[in-house]
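Naming convention: chains lettered A, B, ... in sequence-line order (proteins, then strands); numbering from 1 in each chain. Please read all numbers here as calculations on a predicted model, not as lab measurements. All heavy atoms count here, side chains included; hydrogens, waters and symmetry mates do not.
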Amino acid sequence: MTDRWALAPAEDGGVDVAPLGPDGLPAGPVRRESDLAQAVRSRPEVTRWVWRSTPEVYPRLLATGVRVERCYDIEDAETLLLGHEGRYGEPHSAAAALARLRGGPVPPDPPQRSAEPGAQSPLFEPAGTRMPLADLLTVYAEQQRRHEKTAHLDRMRLLTAAESAGMLVAAEMNRAGLPWSTEVHRELLHDLLGERYAGGGEPRRLAELADEVSTAFGRRVRPDLPADVIKAFAQAGIKVKSTRRWEIRSLDHPAVEPLLEYKKLYRIWVAHGWSWLQDWVRDGRFRPEFLAGGTVTGRWVTNGGGALQIPKVIRRAVVADPGWRLVVADADQMEPRVLAAISRDPGLMEVAGRASDLYQSVSDRAFSGDRDQAKLAVLGAVYGQTSGDGLKNLAALRRRFPQAVAYVDEAARAGEEGRLVRTWLGRTCPPAARAGEDATEEAGIPVGEDDPDGQAWVPGYASTNSRARGRFARNFVVQGSAADWALLLLAALRRACAGLAAELVFFQHDEVIVHCPAEEADTVVRAIRDAGDLAGRLTFGDTPVRFPFTTAVVECYADAK
DNA sequence: TCTCAGGGCGCC
DNA sequence: AAAGGGCGCCCTGAGA
């Protein structure tokens, strides 16, 4: 039995609260109280708080040490419901939802904030976003009705609940921060890049590598300018279309080695160097801002600090507090396991029903034991590979796991034809803009003209854009359903850690880090394993597919691999 | 001085 | 060997 209440911060710093009945309608009068945190703290029996926006409310609660068990984020649910209804892109604010309900003019969403280094208070809420509790409850009641119109009511409810849970986790992670050793990071930078020169120019090692590149070409070349590098290769008689690593790598020229080394170190210098350290690390914590559900697929993003792109060498600087440990847990072959669960392919479910290396099992069945080929084939199927060995491997995969490949093929076909494509729980991929609509790309969805005869799905005949939409949709069902599962994983793990000192401090698609006292580490490892399989059952229902983790208990993130 | 697109690369 | 999906962030150069 859940005890649901709703709350809405008021203009004067107080808060309105109201109890809700099992039907989601108010079960008592609205009460005005003077203090938000006190209003929540004094009602420990409440298991779910309904509110407009987690970023509006929860950081303020956390700042006073108040945690909640569950929430329902109305604006987040609005985004998911709009997407499910095929109305992706309509304003998702509670004010917009209310206006649609009442037939008034719909206000556009406020513009996105930009990242601000070191910002302690996670969100600045623009004026005018607050909504009286009575109006909020009107929107909430309508959302409950809209849930009931979806094809899988229980899944859609699970999706909005899971993403609300994700927003709680994100807020808590933003507050906790990732333990970070400035000292180790500085040593690392010095070892890799050498001394910094006054004036902010390139550090010593980069300057040396730039000189080596120039020497190899026999003239001054700026390795950070692609046009300059392409010209230099051309003068040496080597034609390259770009200076991308994979294209340069195999060239036979003395500039290649220092050039690639320069690119690698340059990246560290500009993206994770001394100025990054200055901007993003305070008091032994790196505090990125995690945004749950920041992408159309449901994957999270971070705002500022590049938290999801920390180069492996820099992970040396992620160090647990004295007496504490990092429990680093990586889901094993998450995407093919998710494909097994959503496609119900008998063969793939069978191999995904074991905790052992899935790629090895696939290769034993379809690729004569060549694990690399099996992995490429699976990823090719998920990503929409169009050429090369991948296609041949895909054919082998299709023979042994026809239902799995058919599942992503069908998603691709739907995407090309502009039909709605959904994850397992019902997160919806925005369809391509139709003719006459705004033809700008939105959220990375390829749009544009189709070939006149490109409506039928015929490999090699669809237009470039339509094929790109197909690849997008193909990947969406797997990546997005994996994100569905990951939300349930986080929710379960958060629950398991509730009575411990352990804190979730990092999440990257299929990997979590928990920071905990050394004596809690074994408990946390078990909690993660349990949460993985529990999330699998909650997300995909009755399925034999397992979701095992590789876990490591370490003092330093870099030691986890 | 500003924004924007493209190139490039880090992570999954 | 070839170059598919999702992101964020940094640079540069072009154009307003």
Sugar-phosphate, base or nothing in reach of A:Arg471, heavy atoms under 4.0 Å: sugar-phosphate
Separation of atom CZ in A:Arg267 from atom C1' in B:dC9, rounded to whole Å: 5 Å
N or O in side chain of A:Lys312 less than 4.0 angstrom from B:dC12 OP1/OP2: yes
No-hydrogen, no-angle side-chain donor-acceptor test under 3.5 Å, A:Ser164 and A:Asp73: no
Donor-acceptor side-chain pairing of A:Asp330 and A:Thr550 below 3.5 angstrom: no
Close approaches to DNA chain B from residues 244-256 of chain A, in residue order (heavy atom, under 4.0 Å): A:Arg244, A:Arg245
Distance-only polar pair, side chains of A:Gln373 and A:Tyr359, donor-acceptor under 3.5 Å: no
Ring-on-base stacking C:dG5 with A:Tyr383 (under 5.5 Å, under 30°): yes
Between A:Glu75 and A:Ser53: side-chain donor-acceptor atoms closer than 3.5 Å: no
Presence of salt bridge, A:Asp357 and A:Arg371, under 4.0 angstrom: yes
Criterion salt bridge (charged side-chain N to carboxylate O under 4.0 Å, His left out) on A:Arg299 and A:Asp510, from CA distance to verdict: CA-CA 10 Å; A:Arg299 274 193 175 182; A:Asp510 62 352; over 6 Å; no
Interatomic distance, A:Arg419 atom CZ to A:Cys429 atom SG [nearest 0.5 angstrom]: 12.0 Å
Touch class at under 4.0 angstrom, heavy-atom based, for A:Tyr266 against every strand present: sugar-phosphate
Phosphate contact (B:dG8 OP1 or OP2) by A:Thr243 side-chain N/O below 4.0 Å: yes
Nearest-angstrom distance from the residue atom CG of A:Asn303 to C1' of B:dC11: 17 Å
N/O (side chain, A:Ser242) to phosphate O (OP1/OP2, B:dG8) under 4.0 Å: yes
Minimum-distance nucleotide (side-chain atoms of A:Lys263 versus C:dG5, B:dG8, C:dG4): B:dG8
Rounded interatomic separation in angstrom, taking CG from A:Asp510 and C1' from B:dC11: 10 Å
Earlier contact from the 5' end, DNA chain C, for A:Ala381 and A:Ala271: A:Ala381
Under 3.5 Å side-chain donor-acceptor pair for A:Ser343 and A:Gln403: no
Syn-anti status, with the boundary at 90° from 0, for the nucleotide C:dG5: anti
Exercise: do A:Arg529 and A:Thr551 side chains pair donor with acceptor under 3.5 Å: yes
For atom CZ of A:Phe286 and atom C1' of B:dG10, their distance in whole Å: 13 Å
Spacing of A:Asp279 atom CG relative to C:dC10 atom C1', expressed in whole Å: 13 Å
Test: A:Arg175 and A:Glu172 ion pair at under 4.0 Å: no
Between P of C:dC9 and NE2 of A:His272, the distance in whole Å: 9 Å
A:Trp280 CH2 to C:dG8 C1', straight-line distance once rounded to whole Å: 11 Å
Touch class at under 4.0 angstrom, heavy-atom based, for A:Gln508 against every strand present: sugar-phosphate
Minimum-distance nucleotide (side-chain atoms of A:Gln309 versus C:dG4, B:dC11, B:dC12): B:dC11
Interatomic distance, A:Met173 atom CE to A:Arg287 atom CZ [nearest 0.5 angstrom]: 12.5 Å
For atom CD1 of A:Ile513 and atom C1' of B:dC12, their distance in whole Å: 13 Å
DNA chain C-proximal residues of residues 219-227 of chain A, any heavy atom under 4.0 Å: A:Arg222, A:Leu225
Contiguous Watson-Crick or G-U pair runs (3 or more, under 3.5 Å) in DNA chain C: B:1-12 with C:5-16
Matching residue for A:Phe286 among A:Phe506, A:Trp276, A:Tyr557 - test: ring pair (Phe, Tyr, Trp, His ring centres under 6.0 Å): A:Trp276
Member of A:Glu212, A:Glu202, A:Arg205, A:Arg267 meeting the side-chain hydrogen bond (donor to acceptor under 3.5 Å, both in side chains) criterion with A:Tyr262: A:Glu202
